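These numbers were taken from a predicted model, which means no experiment stands behind them. Just so we're on the same page: letters track the sequence lines, and every chain starts at 1.
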Amino acid sequence: MTITDLIQSATIAAIQELYGETIPAEQAAPTVTRKEFEGDYTIVTFPFTRFAKKKPGEIAEELGAHLVKNVPQLDRFNVVQGFLNLVVSDVFWTDFLAQIADNQDFGQLPKNGKKVMIEFCSPNTNKPLHLGHVRNILLGWSCSQICEAAGYEVKKVQVINDRGIAICKSMLAWQKFGNSATPESTGTKSDHFVGDYYVLFEQKFQEEYKAWQASADGQQILGEKRKADQSDEQFFKDFKNTYFNEYSLLGKEAREMLLLWEAHDPSTIALWKRMNQWVYDGFEETFHNLGVSFDKYYYESETYLLGKDIVEQGLAAGVFYKKEDGSVWADLTDAKLDHKVVMRSDGTSVYITQDLGTAQMRYHDFGADKVVYVVADEQNYHFQVLFEILKRLGEPYAAGLHHLNYGMVDLPTGKMKSREGTVVDADDLISEVIAEAREASKERGEIAELTKPEQEDILRKIGLAALKFHIIKVTPQKRMVFDPKESVDLQGQTGPHIQYAYVRIKSVLRKAGEQLAVGSWQLAAGYSNLQPQERELIAQLYRFPATVETAANNYDPSEIANYCYDLAKAFHRFFTDLSILKAETEEAKAFRLQLCAAVANVLKTGMGLLGIEMPERM
RNA sequence: GGCCCCGUAGCUCAGCGGAUAGAGCAUUUGCCUUCUAAGCAAAUGGCCCCUGGUUCGAGUCCAGGCGGGGUCACCA
């Protein structure tokens, strides 16, 4: 039982005893006392005036006296207005610290026997990963780490869109213009290599389109179809898709390639496999650099035909209905979601059909109690529909489905647009933040005497910490502005600031040397009269498991990020104000070393949940 | 237009019904002969988008507006 639970139940009992009233639990829930007042936890007594018929201050006095008398962990109290501030005894805190100081697993909640599957990243294979994927990956990864810490068994999966017209464009461009070049022969990272051909296709297509616009055919179409209020330029912009599908030679070739692929044409399949493999190799390198991995990959080429049997079942069960043309629909109007096609009139699947099938297949593969889809908020409607249909189909896992939606990442200059070349590439971003860390490190010179590989390892950790923390600290649902300049900041509310707290501790612990022998920490138990900076730190540490739990429940890594920052901030304050190795007494020294060890532990675990590694020096 | 998300300091963000709304960046000023100054302390900076309502108490909950974004394909 936690101290807050203890205070809560004692408060309920006290109110019952003093005023004969049974209050709801939430009215007895203690909050953390604000820093400007003395105390650790606070009970608000305003709600009790109704039945106690006394002033809030009076109630607080009576309740405070009662609690301190009956709860041994409470030392004293004070009253400000109607606020009852409770002071937890030093012994409680020092006991708690002794329990966790050497416990590497502090913050790991007991196994709950439940499984959660988290799907994230899920890229297309026609171009490299970009900043949007980075936010997705960081969210998905930290979410899975947090769920594990909260006691779940976690499976990390992604669904790779390896088929369709987009990859065919890359394939066609390579075939026509590639001259058998390879990533090796050109020295290009292999996913970028494939992406370059996608871009090349778009260029060639634009050239073709431009030429067509000036041709007699183009001018004739313009004359026939342009609307009165449309400029020539605007018309051709709007007409692009139609041109691609009905007039373009390149478009025709790309679509033919897709048909060949669907017909399992051996040479097309071979080319497809070869180019996709290049992309996968490139992706793996990026995943590795970001420090993430997956347990299982699903490929749309293997799942895109799934879901048809579900449609049949749904029809039989009356969840779906068939129109005269043979298309199958779900009527979700009573859930405020409109009608939705689940199968085309020609009997082929649509996007959501595939998702229905994939959901079922994965349930059979893994049997998850919860499935979390990390997908940007532009697909909110899609997931509402998907979940609603699965619910109506009576799927056993329907109640555990969750869409972890997140806002798009904008640049200070506005939205990222591939057309305008403003997309921030993931690999570039990673090398930039590390380069920035290298520059800053040169000026400091702290790690100059280490070997080159050791230095590079540290710089990588610092750079990635800056990048990852900058992204993960923002509430997922918020659209965020990503300023590359700020993402490499190493000071203030940043990853490196937190790493620095850890590094300072490690430095002190190294200097303390043999005094870290297990026995010597017994001295810490003799320490009393905790300083405010020490109390603040311990109280923060105490909050860690609860923070892990709420972050897991809310699927919100930013709560862990903010917690780590607060803890580091409190540590820096403590470190500046109080001497550790030259503490006033041996007891104080032992206690502070123990406190340092515990803080280091929690910082390492907490940042680990965000996928951020800690260096030993910086 | 229907539905969903967002609106807090110049900028980027916390705040999850309680006290005088907090951090970081930016600007200004102190603090390294002592455990790593990637730090600490201080100053400056706010019609918490607006209007009503619920409540002892609202940035927080509810309703209606306003502003920004997303989405409403037999695309994925």
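Distances shorter than 4.0 Å separate none of the side-chain N or O atoms of Arg617(A) from OP1 or OP2 on rU36(B). Close to rC35(B), at under 4.0 Å from its OP1 or OP2, lies no side-chain N or O of Lys506(A). The side chain of Ser507(A) contributes an N or O atom lying less than 4.0 Å from OP1 or OP2 of rU36(B). Checking the phosphate oxygens (OP1, OP2) of rA14(B), a side-chain nitrogen or oxygen of Thr475(A) falls inside 4.0 Å. Side-chain N/O atoms of Lys511(A) include one lying less than 4.0 angstrom from OP1 or OP2 on rU36(B).
Checking rG39(B), rA76(B), rC16(B) against the side-chain heavy atoms of Arg504(A) singles out rG39(B) as nearest. Looking at the side chain of Lys582(A), the nearest of the listed nucleotides rU12(B), rU34(B), rA19(B) is rU34(B). In the set rU12(B), rC4(B), rA14(B), the nucleotide with an atom closest to the side chain of Val474(A) is rA14(B). Checked against rC13(B), rA38(B), rA19(B), the side chain of Ile462(A) finds its nearest nucleotide in rA38(B).
Around the NZ atom of Lys240(A), the shell of radius 6.0 Å holds more than 12 heavy atoms that belong to other residues, nucleotides or ligands. Environment of CD in Gln81(A): sparse, with no more than 12 heavy atoms of neighbouring residues, nucleotides or ligands closer than 6.0 Å.
Annotation: cation-pi geometry not satisfied between Arg135(A) and Tyr406(A) (NZ/CZ under 6.0 angstrom from ring centroid, within 45° of ring axis). Cation-pi geometry between Lys340(A) and Trp329(A) is not met at under 6.0 angstrom from the ring centre and within 45 degrees of the axis. Cation-pi contact between Arg543(A) and Tyr563(A): absent, since separation from the ring centre below 6.0 Å together with deviation from the ring axis within 45° is not met.
Between the OH atom of Tyr563(A) and the P atom of rC13(B) there is a distance of 25 Å, rounded to whole Å. Counting to the nearest Å, the C1' atom of rU12(B) and the CZ atom of Phe469(A) are 13 Å from each other. Rounded to whole Å, the distance from CE on Met618(A) to C1' on rA37(B) is 12 Å. Rounded to whole Å, atom P of rC3(B) lies 17 Å from atom CD of Glu388(A). Atom CG of Asp162(A) is separated from atom C1' of rA76(B) by 13 Å (rounded to the nearest Å). When the P atom of rG2(B) is taken as reference, atom CG of Asn380(A) falls 19 Å away, rounded to whole Å. Between the P atom of rU20(B) and the CD atom of Gln81(A) lies a distance of 8 Å, rounded to the nearest Å. Summarising the geometry, the separation between CD1 on Ile498(A) and P on rC40(B) is reported as 12 Å, rounded to the nearest angstrom.
The stretch residues 543-557 of chain A has no heavy atom under 4.0 angstrom from RNA chain B at all. RNA chain B is contacted by Thr42(A), Val44(A), Phe46(A), Pro47(A) of residues 39-50 of chain A, taking any non-hydrogen atom closer than 4.0 Å.
With centres under 5.5 Å and a plane angle under 30° as the test, the ring of Tyr500(A) is not stacked against the base of rG39(B).
Within 3.5 Å, a donor on the side chain of Arg444(A) pairs with an acceptor on the base of rU36(B), or the reverse.
Residue contacts shown for Ile471(A) are absent, as no nucleic acid heavy atom lies under 4.0 Å away. Residue contacts for Glu559(A): at a heavy-atom cut-off of 4.0 Å it reaches a base atom on one of the strands shown. Glu300(A) comes within contact range of the sugar-phosphate backbone alone, with a heavy-atom separation under 4.0 Å but no base atom that close. Using a 4.0 Å heavy-atom cutoff across all strands shown, Asp346(A) reaches no nucleic acid atom at all. When heavy atoms are screened at a 4.0 angstrom cut-off, Val481(A) is found touching the sugar-phosphate backbone but no base atom. Across all strands, Asn241(A) comes closer than 4.0 Å to no nucleic acid atom at all (heavy-atom distances).
Put simply, the residue from Tyr373(A), Phe387(A), Tyr351(A) that forms a ring-ring contact (aromatic ring centres under 6.0 Å, His included) with His382(A) is Tyr351(A). Screening Asn554(A), Thr547(A), Asn553(A) against Glu559(A) for a side chain to side chain donor-acceptor pair (under 3.5 Å) leaves a single residue, Asn554(A).
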Between protein and nucleic acid, restricted to nucleotides 58-65 of chain B and to nitrogen or oxygen atoms under 3.5 Å apart, what atom pairs and distances do you find?
none

Identify all pairs in which a protein N or O lies below 3.5 Å from an N or O of nucleotides 31-33 of chain B, and state each distance.
none

Between N or O atoms, less than 3.5 Å apart, protein on one side and nucleotides 22-27 of chain B on the other: list the pairs.
| unit_1 | atom_1 | unit_2 | atom_2 | d |
| --- | --- | --- | --- | --- |
| rG22(B) | OP1 | Arg34(A) | NH2 | 2.7 |
| rA23(B) | O2' | Tyr565(A) | OH | 2.8 |
| rG24(B) | OP1 | Lys569(A) | NZ | 3.1 |
| rG24(B) | O2' | Gln493(A) | N | 3.1 |

Can you tabulate the close N/O pairs, meaning under 3.5 Å, that link protein atoms to atoms of nucleotides 70-73 of chain B?
| unit_1 | atom_1 | unit_2 | atom_2 | d |
| --- | --- | --- | --- | --- |
| rG70(B) | OP1 | Lys415(A) | NZ | 2.5 |

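Residue Leu609(A) comes nearest to Phe544(A) through the heavy atom pair CD1-CZ, 4.3 Å, listed as atom of the first residue, atom of the second, then distance.
Using a 4.5 Å heavy-atom threshold, the side chains of Ile23(A) and Ile12(A) count as touching. Contact of the Lys252(A) side chain with the Ser248(A) side chain is not registered, since no non-hydrogen atoms from C-beta on lie closer than 4.5 Å. Looking at heavy atoms from C-beta onward, Ser441(A) lies out of side-chain contact with Met618(A) at the 4.5 angstrom threshold. By the 4.5 Å heavy-atom criterion applied to side chains, His339(A) and Asp331(A) are counted as neighbours.
Judged by closest nucleotide on RNA chain B, Val32(A) is the one of Met343(A) and Val32(A) placed further toward the 5' end. Nearest-nucleotide assignment on RNA chain B puts the 5′-proximal partner with Ile580(A), out of His497(A) and Ile580(A).
Ring geometry for Tyr299(A) against Tyr297(A) counts as parallel: the plane angle stays under 30°, on a 0 to 90° scale with 60° as the upper cut. Note: Tyr243(A) and Phe205(A) have tilted aromatic rings, judged against thresholds of 30 and 60 degrees for the angle between ring planes. Using a 30° and 60° split on the angle between ring planes, His470(A) and Phe482(A) fall in the perpendicular class, above 60°. Classification of the Phe469(A)-Tyr565(A) ring pair by plane angle, with boundaries at 30° and 60°, yields tilted.
A side-chain donor-acceptor contact under 3.5 Å links Arg255(A) to the backbone of Asn245(A).
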Val375(A) and His403(A): CA distance, side-chain angles, deciding distance, side chain to side chain contact (heavy atoms under 4.5 Å, CB included) verdict: CA-CA 7 Å; Val375(A) 180; His403(A) 175 206; 3.6 Å; yes
Do Tyr502(A) and Glu616(A) pass the side-chain hydrogen bond (donor to acceptor under 3.5 Å, both in side chains) test, and can you show the C-alpha distance, the side-chain angles, and the key distance before you say yes or no? CA-CA 8 Å; Tyr502(A) 179 83; Glu616(A) 298 297 304; 3.3 Å; yes
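In this structure, the separation between CG on Leu595(A) and CZ on Arg592(A) is 9.0 Å, given to the nearest 0.5 Å.
Taking the syn range as angles within 90° of 0, the glycosidic angle of rC5(B) is outside it, so the base is anti.
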